[in-house]
Undergrad: 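Encoded as structure tokens, here's the structure I'll be asking about.
Keep in mind that this is a model prediction, so the values were computed, not measured. Every heavy atom of this structure was used, including side-chain atoms; hydrogens, water molecules and symmetry mates were not.
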Amino acid sequence: MSAKPKLESLPLMQPTPQQQDKMIKRLARIEGQLRGIQKLIRDQADCEKVVQQLTASRKALDKAFFELMACVIEGSVLEDGKPETEERMGEIRRLLAKYA
């Protein structure tokens, strides 16, 4: 049996301080949501309320993931510095945020 090939890591664009701040704030909100879910469970809240909050937290975490993926794509695409490429990247970022 042969060993599985190792995947190359994707090049990450160095996030700007504004992007870092935005991601940290997003993760802090998710952390708060998770603490709220723990409280709901401790307080024996209705299961539907817990599921609703779990779903919201999962979606928020997915959005954080896709924001990071947009950063990876941006790092690969924006190297040429063409304005139309930057516009297209904005559209990709918008689509990821909307449908993720």
Undergrad: Run the side-chain contact (heavy atoms from CB on, under 4.5 Å) test on Q38 and R42 for me, step by step, so that the C-alpha distance in whole Å, both residues' side-chain angles and the decisive distance to 0.1 Å come before the verdict.
TA: CA-CA 6 Å; Q38 292 172 17; R42 274 193 296 275; 3.8 Å; yes

Undergrad: Could you measure the distance from the CD1 atom of I37 to the OG1 atom of T55? Nearest 0.5 Å is fine.
TA: 8.5 Å

Undergrad: If we only count heavy atoms from C-beta on, is the L27 to E31 side-chain gap below 4.5 Å?
TA: no

Undergrad: If you compare all heavy atoms of M23 against all heavy atoms of L68, which two are closest, and at what distance to 0.1 Å?
TA: CE-N, 4.1 Å

Undergrad: Return yes when atom CZ of R94 has more than 12 non-hydrogen atoms of other residues, nucleotides or ligands closer than 6.0 Å, and no otherwise.
TA: yes

Undergrad: Between K25 and D21, does the side-chain contact (heavy atoms from CB on, under 4.5 Å) criterion hold? Intermediate values first, please.
TA: CA-CA 6 Å; K25 286 179 182 176; D21 188 51; 3.2 Å; yes

Undergrad: Search all heavy atoms of Q33 against all heavy atoms of A56 and return the closest pair with its distance.
TA: NE2-CB, 3.9 Å

Undergrad: State the CG-NZ distance between D43 and K49, to the nearest 0.5 angstrom.
TA: 10.0 Å

Undergrad: Compare every heavy atom of I30 with every heavy atom of A64, then report the nearest pair and how far apart it is.
TA: CB-CD1, 4.4 Å

Undergrad: Checking E48 now: which residues fulfil salt bridge (charged side-chain N to carboxylate O under 4.0 Å, His left out) with it, not counting sequence neighbours?
TA: none

Undergrad: Roughly how far apart are Q52 CD and S57 OG, rounded to 0.5 Å?
TA: 10.5 Å

Undergrad: Applying side-chain hydrogen bond (donor to acceptor under 3.5 Å, both in side chains), name anything that partners D46, two or more places apart in sequence or on another chain.
TA: none

Undergrad: Would a single hydrophobic cluster contain both L61 and V51, if residues Ile, Leu, Val, Met, Phe, Trp and Tyr are joined by side-chain heavy-atom contacts under 4.5 Å?
TA: no

Undergrad: Under the rule for side-chain hydrogen bond (donor to acceptor under 3.5 Å, both in side chains), what residues qualify as partners of Q44, not counting sequence neighbours?
TA: none

Undergrad: Looking at E67 and K63, does any basic side-chain N land under 4.0 Å from a carboxylate oxygen?
TA: no

Undergrad: Rounded to the nearest 0.5 Å, what separates atom NZ in K59 from atom CG in L54?
TA: 15.0 Å

